[in-house]
2 protein chains.
Amino acid sequence: MPTRRTDVIDAAMNLLDEAGLDELSTRRLAERLGVRVGALYWHLKDKDELLAELADRIVGECLAAADGERGNGAAAVEGGDRTESGIERLAATARALRRAMLGHRDGARLVAGHAVPGPNSLLLADRMIRTAREAGVPLPLAAYATDTLISYVTGFVLQEQRIADRTAREPEPGPAPALDPARLAGLPDLAEMLADGPPDDETAFTAGLGLITAGLRRTTSAGE
Amino acid sequence: MPTRRTDVIDAAMNLLDEAGLDELSTRRLAERLGVRVGALYWHLKDKDELLAELADRIVGECLAAADGERGNGAAAVEGGDRTESGIERLAATARALRRAMLGHRDGARLVAGHAVPGPNSLLLADRMIRTAREAGVPLPLAAYATDTLISYVTGFVLQEQRIADRTAREPEPGPAPALDPARLAGLPDLAEMLADGPPDDETAFTAGLGLITAGLRRTTSAGE
DNA sequence: ACCTGAACACCGTTCAAGT
DNA sequence: ACCTGAACACCGTTCAAGT
């Protein structure tokens, strides 16, 4: 039976996860589909369109995750401090975006790397702005905060995946390249920080997210 | 006279600014140096090493800019609220990093895109951690805040340069692709935000930076 | 509608050999 | 020390022609 567009994208996603973005070539993809390279161009305008589709799927997984959470009745759905739980919902979306990106090799590079935002990216932005407003953040700021969170998450995961996802080619399972101690000469503060190993990604991400949400609370409820 | 390593890197930086990262090929670079492709490999291990060098130069420009500012005697050097001006110095460094990235085509993509941090990246991190500590932020948080700021700036400029730098090939000087209004159907909050044109990058960046620094102040001086 | 065959214009990298 | 010539193993994309 013939290949459909979604088959091509599915196969591309698998290839991405197995081999990484740098190894995702049209020829390898065609081979995996049992087809010649040229055939791909019947389904796709060009490679960029394919990558944009993959990127938007990843963002879509973040939206789906958020919808899933809505099912589990959280403790305080009604009443209580609406502001607190509202900003917490915004933070939860940011965490979901990170999880979605981490769920695919080079996920952040893929999402960050394409010009036109896909439908899911627009949906995510719209939702986050709405969530912020519901939490009591007025309009221009609600959008800026959304932008800030997305930039932060993207930048963070980009860094997070840089080492792990790109070099995971060779079979040497060495724990981590760490950082040559010799390079820390003359960098006392950085050295002190890295003294007991590199900080945990989870902790660092949570800390940054905490800073942004704290700033948002402070900026919003000026009187308090 | 023979080509030196720095000549190669200089030429690569020029080519980057004129043509963008996607057009920066070893063959084009060799042509520009009046040399055959293979000759480059006497000066460089591979293309990745070249890109890492470019990235670290860009970060270096940010450090130089900060040093320059130190010359201009700021209002309150001594005494006064050390905490306030201290965190402001951290924000100034973040702004300088953005300026340095914006100073080169695809600057953010280049800086974000390479695994091992160069010497200037390490220097920047060390300085920012120290600045935060001098502003009264205790150690683990000082490092997390630095990380947060760098992730934010990178993510932000990546987005900022996505449209402008990559498509600036065709001579159609159309103002901006904007966003197809039809795509905003069902996205009321996003539509409302974009009602009077896309928000200014400068304002958006400042707002995000303000959120992070406000959060840092709030988290640091817990008692106040 | 979906694919092949074959070509085009590119890549990054290596390496013997030249000077 | 620095470079040429030539090759190798790849790319993304196009397009007539087939079924």
Side-chain angles (χ1 to χ4, degrees), chain A residues 1-55 105-106 109-110 113-116 162 165-170, chain B residues 1-55 105-106 109-110 113-116 162 165-170:
Chain A
M1 59 183 162
T3 312
R4 293 155 321 175
R5 193 175 202 268
T6 99
D7 296 332
V8 178
I9 297 164
D10 287 343
M13 191 65 103
N14 291 335
L15 186 50
L16 172 73
D17 288 337
E18 292 167 29
L21 187 52
D22 294 332
E23 309 297 325
L24 173 47
S25 74
T26 54
R27 302 180 120 92
R28 293 241 261 157
L29 178 56
E31 186 185 20
R32 185 168 282 230
L33 287 162
V35 121
R36 309 284 169 160
V37 222
L40 294 181
Y41 292 81
W42 196 91
H43 301 279
L44 302 162
K45 185 178 156 290
D46 55 16
K47 191 183 177 182
D48 213 72
E49 185 183 284
L50 173 66
L51 297 182
E53 205 88 45
L54 292 179
R105 269 240 259 184
D106 297 311
R109 214 168 22 126
L110 199 53
H114 289 273
V116 274
R162 207 140 57 184
D165 289 9
R166 281 180 87 164
T167 50
R169 216 56 268 122
E170 59 270 31
Chain B
M1 62 184 159
T3 312
R4 292 155 320 175
R5 192 174 203 268
T6 101
D7 296 334
V8 178
I9 296 164
D10 287 343
M13 190 66 102
N14 291 335
L15 186 50
L16 172 73
D17 289 337
E18 292 166 28
L21 187 52
D22 294 332
E23 310 297 325
L24 173 47
S25 74
T26 53
R27 302 181 118 92
R28 294 241 262 155
L29 178 56
E31 185 184 21
R32 185 167 282 230
L33 287 163
V35 121
R36 310 284 170 161
V37 222
L40 294 181
Y41 293 80
W42 197 90
H43 301 279
L44 302 162
K45 184 177 158 291
D46 55 17
K47 191 182 177 183
D48 213 71
E49 184 183 285
L50 174 65
L51 297 183
E53 205 89 43
L54 291 179
R105 271 240 257 185
D106 297 311
R109 216 171 16 128
L110 198 53
H114 289 274
V116 273
R162 210 143 52 187
D165 289 11
R166 279 181 89 162
T167 50
R169 217 54 266 126
E170 59 271 29

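Chain naming here is simple, since letters A, B, ... match the order of the sequence lines and numbering starts at 1 in each.
Of the candidate nucleotides C/dC3, C/dG5, C/dG12, C/dC3 has the atom nearest to the side chain of A/Pro2. If you check D/dT13, C/dC11, D/dC3 against the side chain of A/Thr26, the one that comes closest is D/dT13.
The CH2 atom of B/Trp42 sits 16 Å away from the P atom of C/dT14 (whole-angstrom rounding). Note: NE2 (A/His43) to C1' (C/dT4) measures 13 Å, nearest angstrom. The CG-C1' distance, from A/Asp22 to D/dC11, rounds to 13 Å in whole Å. The nearest whole Å value for the distance from the CD atom in A/Glu23 to the C1' atom in D/dC10 is 11 Å. B/Leu40 has its CG atom 9 Å from the P atom of D/dC3, to the nearest Å. Atoms CG (A/Asp46) and P (D/dT14) sit 8 Å apart, rounded to a whole Å. The nearest whole Å value for the distance from the CG atom in B/Leu29 to the C1' atom in D/dC3 is 15 Å. In this entry the distance linking CG of B/Leu51 with P of C/dG12 reads 10 Å, nearest Å.
For C/dC15, the paired nucleotide is D/dG5, the pair qualifying as Watson-Crick or G-U wobble because both relevant distances are below 3.5 Å.
Between A/Thr3 and C/dC3, a side-chain N or O to OP1/OP2 separation shorter than 4.0 Å is present. Under 4.0 angstrom from either OP1 or OP2 of D/dG5 there lies at least one side-chain N or O belonging to B/Arg36.
Under a 4.0 Å N-O distance rule, the pair A/Arg5/A/Glu49 qualifies as a salt bridge. A salt bridge does not link A/Arg4 to A/Asp10: none of the charged nitrogens lies less than 4.0 Å from a carboxylate oxygen. Using a 4.0 Å cut-off between charged side-chain N and carboxylate O, A/Glu18 and A/Arg32 make a salt bridge.
Looking at which nucleotide of DNA chain D each of B/Arg27 and A/Tyr41 is closest to, the 5′-most match is held by B/Arg27.
The side-chain heavy atoms of B/Leu24 and B/Leu51, taken from C-beta on, include a pair separated by under 4.5 Å.
D/dA9 and C/dA9: their P atoms are spaced 22 Å apart (whole Å).
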A/His43 and A/Thr3: CA distance, side-chain angles, deciding distance, side chain to side chain contact (heavy atoms under 4.5 Å, CB included) verdict: CA-CA 9 Å; A/His43 301 279; A/Thr3 312; 4.1 Å; yes
